[in-house]
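Before we start, here is the structure in question, set down as C-alpha cells.
For ligands, and for the atoms within them, numbers begin at 1 and follow the listed sequence. Atom set for the values below is all heavy atoms of this structure, side chains included, hydrogens, waters and symmetry mates excluded. In this text the structure is predicted, and so the values were computed from the model without any measurement.
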Amino acid sequence: MNRPDTLNVPEMDIDPFSTDFLAMPYPDHERMRQAGPWVWLKRYGILATCRHAQVKAVLSDHVNFISSAGVGLANFNQEAPFRPKSLILEADPPDHTRARTILARILSPKTVAQIREHFSAEAESLVDRLLARCRDGAVIDGVKDLAEVYPLKVFPDAVGLEPEGRHNLLLYGDMIFNAFGPRNELLQRAAEKVQPVTAWIMHHCQREQLRPGGFGDLIYQAADQGEISHQEAPMLVRSFLSAGVDTTVNGLGNALLCLAQHPDQMEKLHADPGLARSAFEESLRLESAVQTFFRTTPHEVALEGLVIPPNTKVLTFLAAANRDERQWPEPEKFDIQRRAAGHMAFGTGIHACVGQVVARLEGELILNAIARRVKRIELVGEPVRRLNNTLRAMSSMPMRWIPA
Ligand code: OVM
C-alpha cells in the first residue's frame with residue numbers, strides 16, 4: 001500500500017509477521033530503528049516505530065492514537081472484529097475508563113497482598129517437585145513443566161475457575177494474539193480450533209461458573225452495584241481469560257531461557273535471590289512476551305513534522321523500544337542488576353497492563369524459588385520456538401537444574 005504524500009518517512013519492505021521475522025525479530029528491529037524514528041511498512045500500508053521515545057509517545061496519546069479501532073492490524077472501522085470487542089483493550093475513554101476502573105480495583109496491590117501466600121506456596125511446591133526430578137537425573141521442560149503449569153494454576157484459581165479444561169486458555173490465548181496480526185497461516189491454523197475453545201471460554205465467563213469472591217465474581221459484584229451492566233460482566237471476565245495466561249506463560253518461559261543462556265547472571269541470582277524481581281523485569285525488557293501493539297489515528301494527526309492521515313494503523317514495536325540504544329546502555333546485554341524500569345513490555349499510558357502487579361508477582365515468586373535452590377540451568381536440547389503474530393513464545397525448553 002502506498003505511502004501518503006504527507007508522510008515523508010523511509011519505506012521498507014519488512015514483513016513483521018513473516019516466519020523468518022518472528023523467529024528472529026531483533027536484526028530487523030535494528031534496521032527499522034536506524035532508518036529513522038518512523039518507517040512506512042509498504043506490505044501492510046502501516047506507519048511503524050521501533051524507537052523508545054516514539055513508542056512511548058504513541059502509547060501516551062490516547063486521543064490521537066485510539067484503541068477502539070482495534071489494537072491489531074485490522075481496522076474495526078473498516079472490517080468487522082473477529083470477536084466482540086474487548087470492553088477494555090479495544091475501547092477509548094469514557095467506555096474504557098469504566099472497565100479499567102473495575103479491573104484496576106480487582107488487580108490492585110491490596111489484592112496482590114491477599115493472593116501472595118497462595119501464589120507463593122504453589123511456586124515453592126512446583127519448583128520443589130521439578131528439582132526432585134532433576135535430582136533423579138531426569139530432564140525437565142521449562143515450558144511444559146513450569147512456564148505453562150504455574151500461570152495455568154494460580155491465575156485461574158484467583159479468577160475462580162474450575163480446574164477442568166484449563167488448557168483451553170492456552171489455545172484461546174494463542175488465537176487472540178495471532179489475531180492481532182494479518183490473516184496469515186499462523187492465524188489460519190490457530191483459528192481452526194477456535195469454535196469449541198471460544199464456547200468453553202464464554203461458558204466459563206458466566207457467573208455460575210465462577211467461585212464466589214474470586215476475580216471473576218468481583219466483576220459481577222461490580223455489575224450488582226451498577227458500575228457496568230450484567231450483559232457486560234462476562235465480557236470483562238473474558239478479558240481476564242484472554243490476557244492473564246498466555247502473557248505470563250511466555251514471560252516466565254522467556255525469563256528461564258535468559259537465565260539458562262546467561263550462567264553468570266544465574267549465578268548472581270543464586271547468590272542473591274532478592275534479585276528475582278529485577279531479573280524478571282530485565283527479561284521482560286530483553287525478551288518481551290508481547291512484542292507489538294497497534295493504534296489507529298481517528299483524524300489527521302500532526303506529530304514530529306509528520307501529517308498522519310485519518311485511519312492510519314500505527315504499529316508500535318514494544319520489544320524494539322526495549323532494545324533502543326538511545327534509551328538503554330548496552331541494550332542487548334542481559335543484566336539482572338540494571339534498572340529496567342521504563343521498558344515498554346507492559347505498554348504505558350491509560351492502557352498499560354492492568355494486571356502487571358500479578359504478572360510481576362508470578363515472575364518474582366518463581367524466579368525466587370528457583371534462585372534459592374538452583375545454581376545453574378543447563379539446556380540439554382535446542383529450545384523450540386512457538387511462532388505467534390504477537391507473542392515471543394516457546395513451546396519446549398529441555399533443561400536440567402543443577403542443585404546448589
Ligand atoms: C482483552 C485482552 C486480550 C488480549 C490481550 C489483552 C494484553 C487484553 O480481551 O481484554 O491485553
* Asked: Is there any ring pair (Phe, Tyr, Trp, His ring centres under 6.0 Å) pair reaching into residues 104-125, and which pairs are they, with sequence neighbours excluded?
  ->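 Matches after skipping sequence neighbours: none remain.
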* Would you mind checking which non-hydrogen protein atom is closest to atom 9 (O) of ligand 1, with the distance to 0.1 Å? =>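 Minimum-distance protein heavy atom for atom 9 (O) of ligand 1 reads R83 NH2, 2.8 Å.
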* Asked: Any idea which heavy atoms bring F65 and V301 closest together, and the distance?
  ->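 Heavy-atom minimum between the residues: CZ-CG1, 4.1 Å.
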* To do: Decide whether an N or O pair under 3.5 Å exists between S239 and ligand 1.
  =>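 Yes - when backbone and side-chain N and O of S239 are compared with those of ligand 1, one distance drops under 3.5 Å.
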* Taking all non-hydrogen atoms of both residues into account, name the closest pair between A48 and F317 and its distance. =>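 Where A48 meets F317 most closely, the heavy atoms are CB-CE1, 3.9 Å.
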* Asked: H52 vs W328 aromatic rings, parallel, tilted or perpendicular, using cut-offs 30° and 60°?
  ->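 The arrangement is perpendicular - the two ring planes meet at more than 60°.
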* **Part of I88 with heavy atoms under 4.0 Å of ligand 1, whether side chain, backbone, both or neither** =>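 Looking at I88 and ligand 1, just side chain atoms fall under 4.0 Å.
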* Tell me, which protein residue and heavy-atom name are nearest atom 7 (C) of ligand 1, and how many Å apart are they? ->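 For atom 7 (C) of ligand 1, the nearest protein heavy atom is F293 CZ, 3.8 Å.
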* Have a look at A289, G72, G244, A243 and point out the one with the heavy atom closest to atom 8 (C) of ligand 1. =>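 It is A243 whose heavy atom sits nearest to atom 8 (C) of ligand 1.
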* To do: Could you list which atoms of ligand 1 come closer than 4.0 Å to a heavy atom of F177?
  =>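 Every atom of ligand 1 under 4.0 Å from some heavy atom of F177: 4 (C), 5 (C).
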* Picking from L73, T390, V71, what satisfies side chain to side chain contact (heavy atoms under 4.5 Å, CB included) with T292? ->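 Exactly one candidate clears the test, T390.
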* Decide if atom CD of E332 counts as having more than 12 heavy atoms of other residues, nucleotides or ligands within a radius under 6.0 Å. =>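 Result for CD/E332: enclosed.
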* Output the list of atoms in ligand 1 that are nearer than 4.0 Å to some heavy atom of I176, sorted by atom number. =>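 Counting from 1, the qualifying ligand atoms are 3 (C), 4 (C).
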* Sequence neighbours excluded, every pair satisfying ring pair (Phe, Tyr, Trp, His ring centres under 6.0 Å) that has a member inside residues 257-279 ->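 Passing the test, one end in residues 257-279: H262-F334.
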* Asked: Are any of the heavy atoms in K85 under 4.0 Å away from ligand 1?
  ->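 Not so, K85 does not reach ligand 1.
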* Looking only at protein heavy atoms, identify the closest one to atom 2 (C) of ligand 1 and say how far it is in Å. =>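 Looking only at protein heavy atoms, the one closest to atom 2 (C) of ligand 1 is L89 CD2, 3.7 Å.
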* Does S86, backbone or side chain, put an N or O under 3.5 Å from an N or O of ligand 1? ->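 N/O-N/O distance under 3.5 Å: yes.
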* Asked: Nearest to atom 3 (C) of ligand 1, what protein heavy atom do you find, and at what distance?
  ->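 Nearest protein contact, heavy atoms only, for atom 3 (C) of ligand 1 is S242 CB, 3.4 Å.
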* What are the two closest non-hydrogen atoms of R392 and N254, and how far apart are they? ->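 Looks like O-ND2, 3.2 Å.
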